[in-house]
Amino acid sequence: MAEQKKKNAKTPEQEHPPQAEETQPIEAEEAQTAQQPQDDSSQLLAAAEDKYLRLAAEYDNFRKRTSKEREGVWTDATAKAVAAFLPVYDNLERALKQETADTAYAKGVEMTMKGLQDALAGLGVELIPALGEAFDPNRHNAVMHIDDPEVGENTIVEVFQQGFMCGEKVIRFSMVKVAN
C-alpha cells in the first residue's frame, strides 16, 4: 500500500511543470537582488556617516563644555582666594587715609597697597567703578540714600567699601551711598 501511495503521489516538478512566464519574474527578482546590495551599502554608508557626524558634534560640544567648566573653576578659585585678601585690602585702604608724621611708614603702606593691587590685577581682578557712576544693583550695594538736587538721580555719591569682580563674576559688591 505504501508503494501505491508513492506511485500516486506526484513530485513537486510534476505538480508544477516549469513555464516560460515564471522564468521572467525570477529574472526580475534576480535583477532586484543585484541592486539591493548596492542600496544596502549606500544605506549603511549614510548611517555610518550620520553616526560619525553625530559623534563629531558630540565631541565638539564636550570640548566646549569642559573648556567652560575649566574657566568657571578658575574664576571660582580666584574669587575665593581674593575674598580672603579683601580684609587686608580694606585695612590698607584705611591706613592710607590716616594722617601720619612718619613719611617712611606712609611710603611703606603705599608700596604694600600698590603690590596688592598689582597682584590682584595679575589675577584678572578689577575694581568695580562706583563713585559718580549710575547705580547698578548687579554690582553695587546701596546702604544709604540721600536727597540731593545737585546730583543726578541714582548716582553714587560715596563709596564705603570697594567692590571687586573677576571677569563677569562679582567677588564683592561695592557698598555705596546713592542720591535719589
Side-chain angles (χ1 to χ4, degrees), residues 41-180:
S41 64
S42 65
Q43 288 175 351
L44 288 173
L45 179 63
E49 183 179 3
D50 182 57
K51 188 177 180 181
Y52 168 75
L53 290 174
R54 289 179 187 273
L55 184 64
E58 191 174 318
Y59 175 72
D60 190 44
N61 290 340
F62 169 75
R63 189 177 45 80
K64 288 176 184 176
R65 185 175 60 247
T66 55
S67 177
K68 274 186 178 179
E69 286 174 0
R70 260 188 264 130
E71 288 176 16
V73 167
W74 167 257
T75 303
D76 290 344
T78 302
K80 279 186 176 182
V82 168
F85 285 100
L86 291 183
V88 175
Y89 182 91
D90 294 336
N91 289 334
L92 287 172
E93 199 172 46
R94 285 185 206 104
L96 286 172
K97 290 179 183 176
Q98 296 300 316
E99 301 261 342
T100 182
D102 191 357
T103 57
Y105 171 78
K107 180 81 171 161
V109 172
E110 286 175 17
M111 289 174 56
T112 305
M113 180 60 126
K114 175 81 170 109
L116 182 58
Q117 288 173 337
D118 291 344
L120 293 174
L123 292 172
V125 176
E126 301 170 351
L127 294 173
I128 296 175
L131 190 60
E133 299 282 323
F135 175 74
D136 179 5
N138 296 320
R139 302 180 330 160
H140 305 119
N141 181 17
V143 293
M144 289 182 72
H145 295 278
I146 60 165
D147 291 325
D148 191 353
E150 295 175 9
V151 182
E153 191 173 324
N154 284 333
T155 302
I156 297 172
V157 293
E158 189 175 348
V159 178
F160 298 115
Q161 192 176 46
Q162 186 61 53
F164 295 89
M165 58 190 314
C166 182
E168 295 297 316
K169 182 179 177 79
V170 175
I171 299 170
R172 180 173 77 183
F173 292 89
S174 298
M175 272 203 276
V176 296
K177 182 192 291 187
V178 181
N180 287 338

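Please read all numbers here as calculations on a predicted model, not as lab measurements.
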Can you name the residues that form a side chain to side chain donor-acceptor pair (under 3.5 Å) with [X], not counting sequence neighbours?
{"X": "Glu158", "result": "Lys177"}
{"X": "Lys64", "result": "Asp60"}
{"X": "Gln161", "result": "Asp90"}

For Phe173, all residues meeting ring pair (Phe, Tyr, Trp, His ring centres under 6.0 Å), sequence neighbours excluded: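 Once residues adjacent in sequence are excluded, Phe173 has no partner under the ring pair (Phe, Tyr, Trp, His ring centres under 6.0 Å) criterion.
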Who pairs with Thr75 by side-chain contact (heavy atoms from CB on, under 4.5 Å), at least two apart in sequence or on another chain?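 Per chain and number, Thr75 pairs via side-chain contact (heavy atoms from CB on, under 4.5 Å) with Cys166, Lys169.
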Residues in side-chain contact (heavy atoms from CB on, under 4.5 Å) with Val151, at least two apart?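 Only Asp148, Thr155, Val157, Ala179 meet the side-chain contact (heavy atoms from CB on, under 4.5 Å) criterion with Val151.
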Rounded to the nearest 0.5 Å, what's the gap from [atom1] on [X] to [atom2] on [Y]? Could you check?
{"X": "Asn91", "Y": "Leu86", "atom1": "CG", "atom2": "CG", "result": "11.0 Å"}
{"X": "Ile171", "Y": "Leu120", "atom1": "CD1", "atom2": "CG", "result": "8.0 Å"}
{"X": "Gln117", "Y": "Thr112", "atom1": "CD", "atom2": "OG1", "result": "11.0 Å"}

What side-chain donor-acceptor pairs closer than 3.5 Å can you find for residues 131-139, not counting sequence neighbours?
| unit_1 | atom_1 | unit_2 | atom_2 | d |
| --- | --- | --- | --- | --- |
| Asp136 | OD1 | Asn138 | N | 3.1 |

Could you list all the salt bridge (Lys or Arg N to Asp or Glu O under 4.0 Å) pairs where at least one residue sits in residues 43-52, not counting sequence neighbours?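 Passing the test, one end in residues 43-52: Asp50-Arg54.
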Hey, could you give me each pair passing salt bridge (Lys or Arg N to Asp or Glu O under 4.0 Å) that has a residue in residues 108-128? Not counting sequence neighbours.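 Qualifying pairs, neighbours excluded: Lys114-Asp118.
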Identify every side-chain donor-acceptor pair in residues 96-109 under 3.5 Å, counting partners at least two apart or on other chains, and give the distances.
| unit_1 | atom_1 | unit_2 | atom_2 | d |
| --- | --- | --- | --- | --- |
| Thr100 | OG1 | Asp102 | N | 3.3 |
| Asp102 | OD1 | Ala104 | N | 3.3 |

Among residues two or more places apart or on two chains, list those pairs meeting ring-ring contact (aromatic ring centres under 6.0 Å, His included) that have a residue in residues 67-100.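 Listed once each, the pairs are Tyr89-Phe164.
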Return all side-chain donor-acceptor pairs below 3.5 angstrom for residues 65-72, not counting sequence neighbours, or 'none' if the list is empty.
| unit_1 | atom_1 | unit_2 | atom_2 | d |
| --- | --- | --- | --- | --- |
| Thr66 | OG1 | Phe62 | O | 3.1 |
| Thr66 | OG1 | Arg63 | O | 3.0 |

Pro87 to Ala83 - nearest heavy-atom pair and separation: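 In terms of heavy atoms, the two residues are closest at CD-O, 3.6 Å.
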Might you point out which heavy atoms bring Glu153 and Asn180 nearest each other, and give the distance in Å?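 Closest approach of Glu153 to Asn180, heavy atoms only: CG-C, 4.1 Å.
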Could you check whether any side-chain N or O of His145 sits under 3.5 Å from a backbone N or O of Asn154, counting only pairs where one atom can act as donor and the other as acceptor?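 Side chain of His145 to backbone of Asn154, a donor-acceptor pair under 3.5 Å: no, none is there.
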